[in-house]
Amino acid sequence: MMSGLNWDKAIEEQEKGELASKVENIRLNATEKQNASGDKTEASNQNTGDTNAKEEDEDEAAKAAADASLLNKALHNRLQDISQTQLEVQQKDPTSPLYSVKSFEELHLKPDLLKGVYEMGFNAPSKIQETALPLLLADPPKNMIAQSQSGTGKTAAFVLTMLSRVNVSNNWPQAICLAPTLELAMQIGAVVEQMGKNMTQLKIIYAVRGNKLPKGTKIEHHIVIGTPGTMLDWCIKFRFVEMSKISVFVLDEADVMIATQGHQDQSIRIQRKLPNTCQMMLFSATYEDSVMQFANKIVSDPVVIRLRREEESLDNIKQFYVLCPTEKDKYEALSNIYGAVTIGQAMIFCQTKRTASWLAEKMTRDGHAVGLLSGELEVSQRLAVLKRFKDGKEKILITTNVMARGIDIEQVTVVVNFDLPVDVSGQADCETYLHRIGRTGRFGKNGLAINFVDRPRSMDILQQIERHFGRKILSLSTDDAEELEKIV
């Protein structure tokens with residue numbers, strides 16, 4: 001797409017037809033429902049283009065009432081990472097020994113931990129693992145700020161660090177991990193449980209809304225994983241955790257933390273209660289100046305691993321746009337794409353829950369098997385929808401930004417942006433775009449992202465995304481089923 005392309009010319013270009021080439025099984029442990037306490041917000045549908053959409057976001061977060069003590073084990077039977085992401089390593093101390101490893105044996109892990117790594121399907125460290133782990137596991141411990149996409153092995157890197165630092169003979173919390181959403185917290189917990197399954201005495205607890213503990217409780221679990229609001233209550237308000245004994249602190253998805261109301265302040269308040277000896281790690285998929293300012297408040301004297309800007313848009317994901325001047329054209333284009341998805345599954349992102357609900361209802365009426373996921377659903381409902389999608393009972397999952405981050409469903413091959421993501425000022429939300437399309441192309445596999453452009457303003461937003469990532473997004477016609485199927 002050329003910059004300055006006007007609407008009429010864009011339609012003309014489309015007519016010419018420019019063409020170019022797992023959540024695993026979830027166990028639901030439901031107990032009686034209780035009133036939710038803890039987190040007051042969640043990173044769901046956080047960026048909107050108008051006032052109505054913003055109100056819907058707030059409403060979604062408010063209505064997401066949790067089933068009490070719903071601590072699900074989202075087990076990953078096989079996690080692979082074949083990413084060859086090129087990393088640029090920056091260190092404040094240029095004389096620090098920065099080296100990499102080519103095998104997990106070189107890390108001198110505990111035997112039961114090394115066994116867990118191999119049983120998960122990891123044969124060799126990914127690029128970020130081979131660079132970060134020698135530093136994270138060294139003594140004295142080093143703090144780290146790392147930029148890394150989902151699907152590159154960053155979760156396994158910080159989980160391996162937490163498990164290496166834990167002494168299971170000491171029955172008190174030794175590691176804290178913060179995530180912006182309940183789903184991501186439990187997904188991280190699933191990796192901890194699986195990687196540490198041979199550490200027979202290991203105990204994990206989830207600081208998430210709905211999981212209430214009696215006053216005066218002293219937690220004896222080794223690792224506490226949760227969201228900022230509940231973690232703040234547990235650590236500071238109720239003093240369930242003895243903060244002076246915490247040796248590892250992890251903050252995942254930092255860019256979501258600072259974009260979510262209250263999370264930034266809550267995270268900082270938790271960090272300030274930690275001892276100076278605590279090893280601190282902060283991870284984010286994208287690092288703007290605001291994220292780095294936040295990171296430097298959380299992590300002192302860090303090693304910094306950053307991804308170069310030109311590599312942020314994943315190379316293994318083909319990106320296209322489709323001109324859809326009317327709502328009818330938009331729906332027809334989607335139907336054509338749906339028919340072409342013969343292998344794998346697709347996720348469709350809408351900007352508001354109203355659009356998502358309308359689209360799901362219309363596709364269901366037309367006989368399509370689709371799932372709908374939005375922040376208004378209870379936790380048990382969300383996980384049930386995800387399980388049906390993972391099990392292939394629906395080929396299409398329609399969702400809002402609640403699913404834009406942190407959920408790995410390996411068989412997703414196509415992402416459709418029914419609405420392009422915009423921020424509160426109506427400008428292109430490039431970070432959300434990156435996370436949306438990152439739901440496909442997991443673990444280095446090829447993926448496809450298709451963007452619907454329904455008016456001149458949408459074209460402007462698409463061009464902003466192009467300029468941000470420095471990559472062309474090519475025009476695609478969905479009328480040619482044969483060519484479309486080849487691309488999908």
Side-chain angles (χ1 to χ4, degrees), residues 71 73 75 101 104-120 122 125 129 132-144 146 154-179 185-186 188-208 211 213 216-226 230-231 234-236 238-252 270-283 298-303:
L71 303 181
K73 296 181 180 180
L75 297 177
V101 295
F104 287 109
E105 284 88 347
E106 294 179 64
L107 296 171
H108 305 294
L109 300 171
K110 304 170 189 174
D112 49 2
L113 187 51
L114 181 62
K115 182 180 178 182
V117 169
Y118 283 129
E119 288 177 348
M120 291 179 70
F122 289 100
Q129 290 166 359
L133 282 171
L135 294 167
L136 292 174
L137 299 178
D139 286 314
K142 293 184 181 295
N143 296 337
M144 182 171 289
K154 56 106 174 176
T155 302
F158 68 72
V159 166
L160 192 56
T161 304
M162 288 194 296
L163 291 172
S164 295
R165 299 291 183 189
V166 162
N167 183 346
V168 293
S169 63
N170 295 329
N171 292 320
W172 59 73
Q174 298 160 51
I176 288 176
C177 179
L178 282 184
M186 292 198 302
I188 293 169
V191 177
V192 174
E193 290 176 5
Q194 193 169 12
M195 188 176 287
K197 68 181 180 181
N198 298 306
M199 300 170 66
T200 54
Q201 295 177 287
L202 180 69
K203 292 181 289 186
I204 306 159
I205 191 168
Y206 298 83
V208 296
N211 187 23
L213 300 180
T217 296
K218 286 298 180 182
I219 295 174
E220 296 183 350
H221 299 73
H222 304 106
I223 297 177
V224 186
I225 304 169
T230 303
M231 189 73 77
W234 284 24
C235 295
I236 298 176
F238 300 118
R239 299 183 180 179
F240 295 154
V241 177
E242 192 169 344
M243 300 296 281
S244 63
K245 293 184 177 180
I246 299 297
S247 57
V248 181
F249 176 75
V250 177
L251 193 151
D252 196 16
I270 293 167
Q271 182 272 336
R272 286 177 178 171
K273 293 294 182 179
L274 297 168
N276 293 333
T277 55
C278 181
Q279 182 179 20
M280 300 184 186
M281 291 169 275
L282 184 146
F283 292 83
I298 294 287
V299 184
S300 61
D301 193 26
V303 173

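Just so it is clear, the model here is predicted, and its values are computed rather than measured. For reference, positions follow the sequence shown, starting with 1.
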For N276, is the CG atom crowded, meaning more than 12 foreign heavy atoms sit under 6.0 Å from it? no
Counting neighbours of NZ on K115 that are heavy atoms of other residues, nucleotides or ligands and sit closer than 6.0 Å, is the number greater than 12? no
Side chain to side chain, [X] and [Y], heavy atoms closer than 4.5 Å:
X: F158; Y: V248; value: no
X: L274; Y: M280; value: yes
X: T277; Y: S247; value: no

Roughly how far, to the nearest 0.5 Å, is the [atom2] atom of [Y] from the [atom1] atom of [X]?
X: N171; Y: Q201; atom1: CG; atom2: CD; answer: 7.5 Å
X: M231; Y: I236; atom1: CE; atom2: CD1; answer: 11.0 Å
X: W234; Y: I176; atom1: CH2; atom2: CD1; answer: 11.0 Å
X: R272; Y: M243; atom1: CZ; atom2: CE; answer: 13.0 Å
X: L135; Y: M281; atom1: CG; atom2: CE; answer: 12.0 Å

Least distance between heavy atoms, [X] atom then [Y] atom:
X: I225; Y: I223; result: CG1-CG2, 3.8 Å
X: I246; Y: P173; result: CD1-O, 3.4 Å
X: M199; Y: L163; result: CE-O, 3.7 Å
X: V166; Y: K110; result: O-NZ, 2.9 Å
X: D252; Y: K154; result: OD1-NZ, 2.5 Å
X: I204; Y: H221; result: O-CD2, 3.3 Å

Check: R239 main-chain N/O paired with K218 side-chain donor or acceptor under 3.5 Å: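 Yes.
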N143 side-chain N/O to D301 backbone N/O, donor-acceptor pair under 3.5 Å: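 It does not hold such a pair.
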Run the side chain to side chain contact (heavy atoms under 4.5 Å, CB included) test against L114 and tell me which residues pass, sequence neighbours left out. F104, E105, L109, Y118
Non-neighbouring partners of F249 that pass ring pair (Phe, Tyr, Trp, His ring centres under 6.0 Å), sequence neighbours left out: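 In terms of ring pair (Phe, Tyr, Trp, His ring centres under 6.0 Å), with neighbours along the sequence ignored, F249 is linked to no residue.
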Begin with the C-alpha distance, continue with both residues' side-chain angles, and end with the deciding distance and a verdict on side chain to side chain contact (heavy atoms under 4.5 Å, CB included) for L251 and I270. CA-CA 11 Å; L251 193 151; I270 293 167; over 6 Å; no
How would you list, by chain and number, every residue that makes a side-chain hydrogen bond (donor to acceptor under 3.5 Å, both in side chains) with N198, sequence neighbours excluded?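 Per chain and number, N198 pairs via side-chain hydrogen bond (donor to acceptor under 3.5 Å, both in side chains) with E119.
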The residue among Q279, H222, Q174 that forms side chain to side chain donor-acceptor pair (under 3.5 Å) with R165 is Q279
